[in-house]
Each structure stands twice: as C-alpha cells, then as structure tokens.
**Student:** 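Take a look at this one; I'll ask things after.
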Amino acid sequence: MKDLLTIGDQILNSRLFIGTGKFPRKSIIKDVIKSSASQVVTVALRRIDFDVKEENVLNYVPNTCTLMPNTSGARNAEEAIRIAKLARAAGCGNWIKIEVISDNKYLLPDNIETLKATETLVQEGFVVLPYMSPDLSMAKRMEDVGAAAVMPLGAPIGSNRGIKTKELVRILIDEIKVPVIVDAGIGKPSEAAEAMEMGCDAVLVNTAIATANDPVQMGKAFALAVEAGRQAYLAGTGATAEYANASSPLTGFLD
C-alpha cells in the first residue's frame with residue numbers, strides 16, 4: 001500500500017514542501033523542484049511580477065505542482081485575507097498558507113490573527129494551511145474552524161537552527177487530527193529526517209535549500225532525508241535505555 005498524504009483535495013506522494021525565496025536566480029527553481037520531487041510549492045504573492053516573464057516565479061513552477069501562495073507581508077488578519085483573495089483572483093488556486101507576522105525581529109507568527117484569517121478563508125472555500133507558533137490550544141481552534149493542516153515553526157524563519165520547538169511540536173502530533181507540517185527553522189536534511197521520525201506529516205524547507213552552495217543537490221538530499229525519516233517512523237524506532245543493553249547474551253566468554 002502506498003504511503004500517501006492527503007490535504008484538501010490533493011493526494012501527495014512527496015512530503016517535502018518547498019519555498020521559492022532567496023534562490024540566487026529564479027531559473028534554478030525548476031531544477032530544484034525536479035531534484036526534490038516536491039509536489040507543493042509556496043510562493044509569496046508580493047514576489048510575483050506578472051508583468052515580467054523572467055521575474056515571475058510562477059513561470060518556473062511546473063503545472064504538476066500544487067501552488068500554495070502565502071500571505072507573507074500580512075500584519076493582521078484583514079491583510080492576510082486580502083492577499084489570499086488577490087492570489088485566487090490572479091489564478092493561483094485555492095490553497096493558501098496564512099502568514100501573519102507583526103514582529104519584525106523574530107518574525108514569529110501572530111496566532112490570534114492567523115486564527116481569524118483561517119476561519120474567514122475556510123468559509124470562503126480556501127484550503128487553508130496556517131503557519132503558527134506551536135501552541136496546542138490554538139492548533140485545536142484552527143483545526144476546529146477548518147484548517148486543512150497546521151504548520152508549526154521549528155525555529156525562527158530563515159534561521160536554519162533546527163527544530164527548537166521539538167517538544168511542543170510533538171504534542172501537536174499527538175493531539176491534532178489534521179496533518180502537522182513543520183515550517184521554518186529546518187536547516188539540514190538530518191533535521192528534516194528528525195521531524196519525520198517524530199511523526200510529522202511533512203516539512204516545508206526554503207532557506208536551507210536556496211542558500212546551499214548547490215541548491216539542486218540539496219533539494220535531492222532533503223528528499224532522501226524526508227523519505228528516510230518517514231520510513232523510520234512507519235517502521236517504529238526502538239526504545240532508548242539509560243544503561244547498556246548487550247546485543248548478544250553475556251555468556252560463553254573465553255577463559
């Protein structure tokens with residue numbers, strides 16, 4: 001049986017979502033998508049230049065991918081809702097990643113405004129994936145109002161610091177029924193594998209791939225890591241122990 005991920009009306013083979021910011025040139029994005037085998041690509045609407053072909057990042061996203069515009073730049077729910085509607089009107093589909101950030105130093109999400117935007121946009125037919133600080137009560141409320149998934153941060157955006165919120169993310173995995181997708185903070189393939197081993201349903205990676213010396217090769221490395229982590233989760237990792245536990249019986253030693 002295939003191990004598939006279902007979000008909204010999409011059935012996905014890949015559990016690696018990627019972003020499109022910070023790449024040295026936009027033309028490389030197509031090759032990164034191919035090497036990473038990602039099927040979901042997020043794009044900041046404010047970075048789309050519909051008037052200049054070379055600058056329009058959408059020209060480098062294959063039609064086979066699910067486009068997930070994000071509301072980067074929104075400071076409150078009202079702005080996020082407006083950006084989402086603009087994205088849909090521009091032909092970007094009905095998936096939307098809600099980003100509401102009013103803090104300019106750490107770029108942490110505003111969970112309350114994110115919840116407001118999520119509820120409104122779900123009612124208007126969007127498939128909503130909210131980026132959030134990993135708080136269980138807020139995640140439940142987002143799930144209750146119809147979020148298709150929740151996207152807790154692992155560490156501040158662009159920091160490449162790994163999953164610093166691990167214990168809080170683990171609680172969401174245990175308690176939330178919709179997919180849990182770690183977004184922000186993952187800096188190395190090993191950290192993506194760790195997220196998947198924990199039981200996350202997917203990860204979203206941007207900076208770690210875009211700022212690598214070879215983004216195309218790094219995209220492939222992340223794809224392999226996500227697959228390895230997922231397989232380890234499905235296999236079930238062994239228990240840990242405080243003291244040594246011999247692999248062979250402690251008998252039959254030479255005199």
Side-chain angles (χ1 to χ4, degrees), residues 2 4-73 83-84 86-97 99 127 129 131 148-149 151 157-158 160 179 181-189 191-193 195-196 201-230:
K2 285 189 174 181
L4 303 173
L5 173 62
T6 301
I7 298 179
D9 58 354
Q10 297 292 317
I11 299 175
L12 305 167
N13 290 298
S14 171
R15 293 170 181 270
L16 173 60
F17 299 3
I18 65 171
T20 52
K22 299 183 179 178
F23 283 94
R25 62 183 190 281
K26 291 184 176 62
S27 58
I28 200 173
I29 292 173
K30 188 173 182 179
D31 292 332
V32 170
I33 292 172
K34 183 177 180 180
S35 69
S36 67
S38 179
Q39 296 173 292
V40 178
V41 178
T42 188
V43 177
L45 183 67
R46 61 178 177 164
R47 294 186 57 249
I48 302 174
D49 187 341
F50 291 98
D51 297 325
V52 182
K53 182 178 179 181
E54 291 75 17
E55 293 301 315
N56 185 351
V57 68
L58 297 184
N59 289 325
Y60 304 104
V61 179
N63 293 331
T64 52
C65 288
T66 296
L67 188 63
M68 181 170 63
N70 64 65
T71 64
S72 173
I83 293 171
L86 285 172
R88 186 160 67 180
C92 295
N94 68 337
W95 276 46
I96 190 75
K97 174 189 163 188
E99 281 189 35
V127 176
L129 294 86
Y131 168 61
M151 305 183 76
I157 288 176
N160 283 351
I181 303 167
V182 170
D183 180 8
I186 290 178
K188 296 189 286 290
E191 293 161 355
M196 300 306 296
D201 295 281
V203 298
L204 192 153
V205 180
N206 187 171
T207 300
I209 296 176
T211 62
N213 290 336
D214 186 338
V216 175
Q217 187 172 1
M218 187 60 78
K220 182 176 181 180
F222 267 98
L224 294 171
V226 168
E227 177 62 21
R230 178 64 181 176

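Nothing here was measured: the structure is a model prediction, and the numbers come from that model.
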**Student:** Just to verify, what does A87 make a side-chain contact (heavy atoms from CB on, under 4.5 Å) with, not counting sequence neighbours?
**Tutor:**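 L45, P69, C92.
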**Student:** Please report the interatomic distance NZ(K22) to OG1(T207), rounded to the nearest 0.5 Å.
**Tutor:**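 Going from NZ on K22 over to OG1 on T207, the span is 3.0 Å.
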**Student:** What are the two closest non-hydrogen atoms of G21 and N206, and how far apart are they?
**Tutor:** O-ND2, 2.8 Å
**Student:** Is there a side-chain contact between F17 and L12 in this structure, where contact means two heavy atoms from C-beta onward sitting under 4.5 Å apart?
**Tutor:** yes
**Student:** Any side-chain heavy atom of I18 sitting closer than 4.5 Å to one from F222?
**Tutor:** no
**Student:** Could you tell me whether a side-chain N or O of R15 sits under 3.5 Å from a main-chain N or O of L4, the two making a donor and an acceptor?
**Tutor:** yes
**Student:** For Q10 and I7, indicate whether the former's side chain and the latter's backbone hold a donor-acceptor pair under 3.5 Å.
**Tutor:**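 Pair absent, no side-chain N/O of Q10 close to backbone of I7.
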**Student:** Please find the pair of heavy atoms, one from N13 and one from K2, that lie closest to each other, and give the distance.
**Tutor:** OD1-CD, 4.5 Å
**Student:** Given T71 and Y131, is the side chain to side chain contact (heavy atoms under 4.5 Å, CB included) satisfied, shown in steps?
**Tutor:** CA-CA 10 Å; T71 64; Y131 168 61; over 6 Å; no
**Student:** How long is the gap from CG on L67 to CD1 on I96, to the nearest 0.5 Å?
**Tutor:** 9.0 Å
**Student:** Do you know which two heavy atoms are closest between M196 and V203, and how far apart they sit?
**Tutor:** SD-CG1, 4.1 Å
**Student:** With distance as the sole test, does S38 use its side chain to make a donor-acceptor pair with the main-chain N or O of L16 at under 3.5 Å?
**Tutor:**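 Present.
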**Student:** So do W95 and D9 actually touch side chain to side chain, heavy atoms under 4.5 Å?
**Tutor:** yes
**Student:** Pick out which of S36, P189, S35 makes a side chain to side chain contact (heavy atoms under 4.5 Å, CB included) with K220.
**Tutor:**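 Answer after filtering S36, P189, S35: S35.
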**Student:** Do you know which of I33, D31, V32 makes side chain to side chain contact (heavy atoms under 4.5 Å, CB included) with I29?
**Tutor:** I33
**Student:** Looking at CD of E99 and CG of N70, how far apart are the two atoms once the value is rounded to the nearest 0.5 Å?
**Tutor:** 4.5 Å
**Student:** Are the side chain of Q39 and the backbone of S14 linked by a donor-acceptor contact shorter than 3.5 Å?
**Tutor:**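 The answer is yes, because a donor-acceptor pair under 3.5 Å joins these two groups.
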**Student:** Within this structure, what is the CG-CG distance for the pair D183 and L204, rounded to the nearest 0.5 Å?
**Tutor:** 4.5 Å
**Student:** On a heavy-atom basis, which atom in P179 and which in A148 lie closest, and how many Å separate them?
**Tutor:**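 In this case the closest contact between P179 and A148 is CD-O, 3.4 Å.
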**Student:** State whether the side chain of T20 and the backbone N or O of T42 hold a donor-acceptor pair below 3.5 Å, judged by distance alone.
**Tutor:**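 Yes, because the side chain of T20 sits within donor-acceptor range (under 3.5 Å) of the backbone of T42.
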**Student:** Just how far is it from atom CD1 of I186 to atom CD of E191, taken to the nearest 0.5 Å?
**Tutor:**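 Spacing of CD1 (I186) from CD (E191) equals 7.0 Å.
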**Student:** Test of understanding: with side-chain contact (heavy atoms from CB on, under 4.5 Å), list the residues that count as partners of E227, not counting sequence neighbours.
**Tutor:** Q231
**Student:** How many angstroms lie between OG1 in T66 and CD1 in I11, if you round to the nearest 0.5 Å?
**Tutor:**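 The CD1 atom of I11 is 11.0 Å from OG1 of T66, to the nearest 0.5 Å.
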**Student:** Where is the tightest heavy-atom contact between V127 and G8, given as atom of each residue plus distance?
**Tutor:**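 For V127 and G8, the tightest heavy-atom pair comes out as CG1-CA, 4.2 Å.
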